[in-house]
Undergrad: 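Structure below; questions to follow.
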Amino acid sequence: MKETKLTMDRRTALQTTIGAATLAVAGCLSNDPDDADFRIGAPWKPSRDPLDGGSQIRRLGITEALVGVDYDANPTPELATEWERLDEHRWEFALREDVTFHDGEPLNAAAAVESLRRTADTTAFTDVPIDTIEAVNEATVAVETETPFTPLPAHLSRNEAVLLSPEAIDGDGSITEPVSTGPFVFDRFQPGSELRAVRNDDYYGEQPEMETVRYEVIDDDQTRRMKLENGELEMARILLHEMVSALESTDGIDVYTPKIPRIRSLTFDTQSEPFDDDRVRRAVDHAIDRAAITEGILNGIDDPAVGPFSLELTEWANPNLETDLSDPDRARSLLSEAGWTTDGGGDVRSRDGEDLSVEVLTFDARSLPLIAEVLQDQLAAVGIDLNVTVMEYSAMVDRVGQNSFDIYLTSWGTLWYPDPDRLSDMFHSEAASLHHGYENERVDTLLEEARKLGDREARQERYHEVQSIVLEDAPITVLTNYSNVVATTNGVSGYEPHPTESRYGLESITLEES
């Protein structure tokens, strides 16, 4: 069994790889947590294992995958220089030459296969129909799928699919240190608190200017802002929308509000009353004034939305969806058709002696509880009594996954991997991760066909139709698109926000001396 920490041989190899000068800096870093070249503050807790919340080590440039994501949110070569679909089931990926892992081990097909098999065997890839992964030769990896599966390259860009050195995978399959190929090398980790990395001087691609990076977990939004303004961070991420105006007027601070493929939405339990009736779901759709939410709660930074994809971000968005659903009179008419009336004279509609009183579950994540309160007022105007319950996120997920509910309010990444197959995660009757219980045979057929087709236009037609159908059936109600708020000190140049948040692009950043 392999040891659960770097052996002396591996440590020596790692030191040789990253260079003596960088190690000297890294040694100093271990004694002083504040002297890193570049300091990032964010609320998300990092993990060492790509299969257990490994998004931060990917974003920091520690790990890399066969496939990357470009700035148009499409799959692009990363550790694979190209790939080819040989037939409906078989794909081959050509590896970059002369790439080594951070421990000095070569990147070859055998190493890639071992890492990818670990990925394919996990629950994260349960719905990716990979059958076999094998080495064709030293520099080519073949992947065969059980069924024709066009979005395979996009799925191989996911954080779980990054390639790790065989020496980093312990005998029980666990990971102690993420030894990969990126421009930065994992240096030190304090769970729930901090992750530190040093420059990989043997990186095959663009060399970062900065020698060291420290990622600090800072849960409190105001604290992240304060540390940035005080010069304790070079970058603060996931700041509040209401901070933007003040930050923009602060000397020495640059502010970015990139649009990302994420939505805020309501999910209905379509299997229980009253939302087993699509007329009631559509009534909620029409009762909501999305512009009032984006202007009043989100400071006009985010846009109203009706579908899962934004036309500004991807051509997979259906351009023919109705853009403004707000119509309270239509909402009242639909509720009356469904038998919910105000015949009793009260403000809340009723049917068969029961009030139309429903509960929305959400969690305390910045704007969501405030949005729920606005929805409370907007739905009251058409006769729906909405009660708001704010829970811990994990408790909410457990609740909606195990029991009937009315509605839950959350945010959802719609291009978490760069392919509209993500709609299967949202709406397929058997594959959906959203807990709506929605079943539509036509939607299932379209999603299954689109996975198999190689022609992009034919896939696009099917995904556009799916978006039209679910807008009408309303298993979810999309409220807004989503923008991140990121601020840096103005000595930071070259930062370009990535549209899918898959990387921070630290290797392109330059730092001006203060």
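Each residue takes its place number in the sequence, starting with 1.
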Undergrad: With side chains defined as the heavy atoms from C-beta onward, is the minimum distance between Phe101 and Pro166 less than 4.5 Å?
TA: yes
Undergrad: Do Thr480 and Arg264 get their side chains close enough for a donor-acceptor pair, meaning under 3.5 Å?
TA: yes
Undergrad: Taking salt bridge (Lys or Arg N to Asp or Glu O under 4.0 Å) as the test, write out the residues that go with Glu105, two or more places apart.
TA: none
Undergrad: So, for His464 and Ala317, which heavy atoms are closest and what is the spacing to 0.1 Å?
TA: NE2-O, 3.1 Å
Undergrad: Test side-chain hydrogen bond (donor to acceptor under 3.5 Å, both in side chains) on Ser174 and Asp49; report intermediate values, then the result.
TA: CA-CA 8 Å; Ser174 64; Asp49 190 341; over 6 Å; no
Undergrad: Please give me the minimum heavy-atom distance between Thr410 and Leu368, naming the atom from each residue.
TA: CA-CD1, 4.1 Å
Undergrad: For a side-chain hydrogen bond (donor to acceptor under 3.5 Å, both in side chains) check, start with the C-alpha distance between Asp302 and Ser483, then their side-chain angles and the critical distance, and finish with the verdict.
TA: CA-CA 6 Å; Asp302 292 339; Ser483 299; 3.0 Å; yes
Undergrad: Indicate yes or no: does Glu507 engage Arg199 in a salt bridge with an N to O separation below 4.0 Å.
TA: no
Undergrad: Any side-chain heavy atom of Ile57 within less than 4.5 Å of one from Phe184?
TA: no
Undergrad: I'd like to know if Glu229 and Arg225 make a salt bridge, using a cut-off of under 4.0 Å between side-chain N and carboxylate O.
TA: yes
Undergrad: How long is the span from the CG atom in Asp219 to the CZ atom in Arg224, to the nearest 0.5 Å?
TA: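 That separation rounds to 8.0 Å.
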Undergrad: Out of curiosity, Ser310 OG to Asp303 CG, how far, rounded to the nearest 0.5 Å?
TA: 7.0 Å
Undergrad: Are Asn440 and Ser429 close enough that a side-chain donor and a side-chain acceptor fall under 3.5 Å?
TA: no
Undergrad: For residues Val486 and Met235, determine if any side-chain heavy atom of one lies less than 4.5 Å from a side-chain heavy atom of the other.
TA: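 Val486 vs Met235: side chains touch.
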Undergrad: Enter the distance from Asp421:CG to Glu448:CD here, rounded to the nearest 0.5 Å.
TA: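 The CD atom of Glu448 is 11.0 Å from CG of Asp421, to the nearest 0.5 Å.
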Undergrad: Just by modelled atom types, is the Asn137 backbone N or O under 3.5 Å from a matching donor or acceptor in the Thr140 side chain?
TA: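 No: the side chain of Thr140 does not pair with the backbone of Asn137.
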Undergrad: Parallel, tilted or perpendicular: which fits the ring planes of His435 and Tyr408, with parallel below 30° and perpendicular above 60°?
TA: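 Ring orientation of His435 relative to Tyr408: tilted.
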Undergrad: Can a side-chain donor-acceptor contact be found between Glu64 and Tyr204 if the only test is distance below 3.5 angstrom?
TA: yes
Undergrad: Would you say that Leu156 contacts Leu152 through its side chain, given a criterion of any heavy-atom pair below 4.5 Å between the two side chains?
TA: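 SC-SC contact between Leu156 and Leu152 confirmed.
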Undergrad: Show, in sequence, the C-alpha distance, side-chain angles and deciding distance for Asp398 and Met396, and conclude whether the side chain to side chain contact (heavy atoms under 4.5 Å, CB included) test is met.
TA: CA-CA 5 Å; Asp398 288 343; Met396 185 194 75; over 6 Å; no
Undergrad: Between Thr176 and Asp170, is the side-chain hydrogen bond (donor to acceptor under 3.5 Å, both in side chains) condition met? List the steps.
TA: CA-CA 8 Å; Thr176 301; Asp170 295 328; 3.1 Å; yes
Undergrad: Quick one: sort the Phe149 and His155 rings into parallel, tilted or perpendicular, breaks at 30° and 60°.
TA: tilted
Undergrad: Does the pair Ile130 and Val143 meet the rule for a side chain to side chain contact (heavy atoms under 4.5 Å, CB included), with working shown?
TA: CA-CA 7 Å; Ile130 292 176; Val143 180; 4.1 Å; yes
Undergrad: Quick one: sort the Phe93 and Trp91 rings into parallel, tilted or perpendicular, breaks at 30° and 60°.
TA: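 The rings of Phe93 and Trp91 lie parallel, inter-plane angle below 30°.
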Undergrad: Can you find a heavy atom in the side chain of Glu78 that is under 4.5 Å from one in the side chain of Ser157?
TA: no
Undergrad: Flag yes if more than 12 heavy atoms outside Tyr71 fall under 6.0 Å of its OH atom; otherwise flag no.
TA: yes
Undergrad: Looking at every non-hydrogen atom in both residues, tell me the closest pair between Pro304 and Thr294 and how far apart they are.
TA: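 The pair with the smallest heavy-atom distance is N-CG2, 3.5 Å.
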Undergrad: So, do Asn484 and Glu501 sit near enough that their side-chain heavy atoms are less than 4.5 Å apart?
TA: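 Yes, at least one pair of side-chain atoms sits under 4.5 Å.
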Undergrad: For side-chain hydrogen bond (donor to acceptor under 3.5 Å, both in side chains), just list the numbers for Thr150 and Arg85, CA-CA rounded to whole Å, side-chain angles, deciding distance to a tenth of an Å, and then say yes or no.
TA: CA-CA 9 Å; Thr150 299; Arg85 190 176 190 174; 2.8 Å; yes
Undergrad: Using a distance-only test with no angle check, is there a side-chain donor-acceptor pair under 3.5 angstrom linking Asp103 and Ser165?
TA: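 Judged by distance alone, the side chains do pair up.
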Undergrad: Of all the heavy-atom pairs spanning Val466 and Leu446, show the shortest one and how long it is.
TA: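 Reported closest heavy-atom pair: CG2-CB, 3.7 Å.
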Undergrad: Evaluate side chain to side chain contact (heavy atoms under 4.5 Å, CB included) for Gln467 paired with Phe309, printing each intermediate quantity in order.
TA: CA-CA 9 Å; Gln467 292 168 68; Phe309 297 137; 3.9 Å; yes
Undergrad: Any salt bridge (Lys or Arg N to Asp or Glu O under 4.0 Å) pairs touching residues 90-100, not counting sequence neighbours?
TA: Arg90-Glu92, Arg90-Glu134, Arg90-Glu144
Undergrad: Any side-chain to backbone donor/acceptor pair from Ser265 onto Ile476? Under 3.5 Å, distance only.
TA: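 Side chain of Ser265 to backbone of Ile476, a donor-acceptor pair under 3.5 Å: no, none is there.
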Undergrad: Quick one: does His498's side chain have a donor or acceptor within less than 3.5 Å of a partner on Arg59's backbone?
TA: no
Undergrad: Kindly give the heavy-atom pair with the smallest separation between Leu195 and Pro46, and that separation in Å.
TA: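 Looking at all heavy atoms of both residues, the closest pair is CD1-CB, 3.9 Å.
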Undergrad: Tell me whether Ser47 contacts the main-chain N or O of Asp52 through its side chain, where contact means a donor paired with an acceptor under 3.5 Å.
TA: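 Judged by distance alone, yes, a pair lies under 3.5 Å.
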Undergrad: Would you give the length of the straight line joining atom OG1 of Thr362 to atom CG of Leu409, rounded to the nearest 0.5 angstrom?
TA: 4.0 Å
Undergrad: With rounding to the nearest 0.5 angstrom, report the CZ to CG distance, Arg442 to Asp444.
TA: 11.0 Å
Undergrad: Are Glu457 and Arg459 close enough, and set up right, to give a salt bridge (charged side-chain N to carboxylate O under 4.0 Å, His left out), and what steps lead you there?
TA: CA-CA 5 Å; Glu457 184 175 341; Arg459 296 187 78 215; over 6 Å; no
Undergrad: Enter the distance from Gln56:CD to Ile40:CD1 here, rounded to the nearest 0.5 Å.
TA: 8.5 Å
Undergrad: Closer than 3.5 angstrom, by distance alone: can the side chain of Thr500 be matched with the main-chain N or O of Trp416 as a donor-acceptor pair?
TA: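 Looks like no, no N/O pair under 3.5 Å.
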Undergrad: Regarding Glu146 and His89, do their side chains bring together a donor and an acceptor under 3.5 Å, going by distance alone?
TA: no
Undergrad: So do the side chains of Arg503 and Val69 get within less than 4.5 Å of each other, counting heavy atoms only?
TA: no
Undergrad: Mind checking ring pair (Phe, Tyr, Trp, His ring centres under 6.0 Å) for His241 and listing every partner two or more places apart, or none if nothing turns up?
TA: none
Undergrad: Can Glu449 and Arg451 be counted as an ion pair, charged N to O under 4.0 angstrom?
TA: no
Undergrad: Less than 4.5 Å apart, side chain to side chain, heavy atoms only: is that true for Arg158 and Val67?
TA: no
Undergrad: Can you name the closest pair of heavy atoms from Ala109 and Leu95 and give their distance?
TA: N-CD1, 3.4 Å
Undergrad: Looking just at side-chain N and O atoms, do Asn159 and Ser55 make a donor-acceptor pair shorter than 3.5 Å?
TA: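 Looking only at side-chain atoms, Ser55 and Asn159 do not form any donor-acceptor pair under 3.5 Å.
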Undergrad: Okay, side chain of Asp72, backbone of Asn74: is any donor-acceptor separation there less than 3.5 Å?
TA: no
Undergrad: Could you walk me through whether Asp37 and Val213 pass the side chain to side chain contact (heavy atoms under 4.5 Å, CB included) test, one step at a time?
TA: CA-CA 6 Å; Asp37 290 348; Val213 177; over 6 Å; no
Undergrad: If we ignore angles and hydrogens, is there a donor and acceptor under 3.5 Å between the side chains of Tyr417 and Glu160?
TA: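 The answer is no; no qualifying pair exists.
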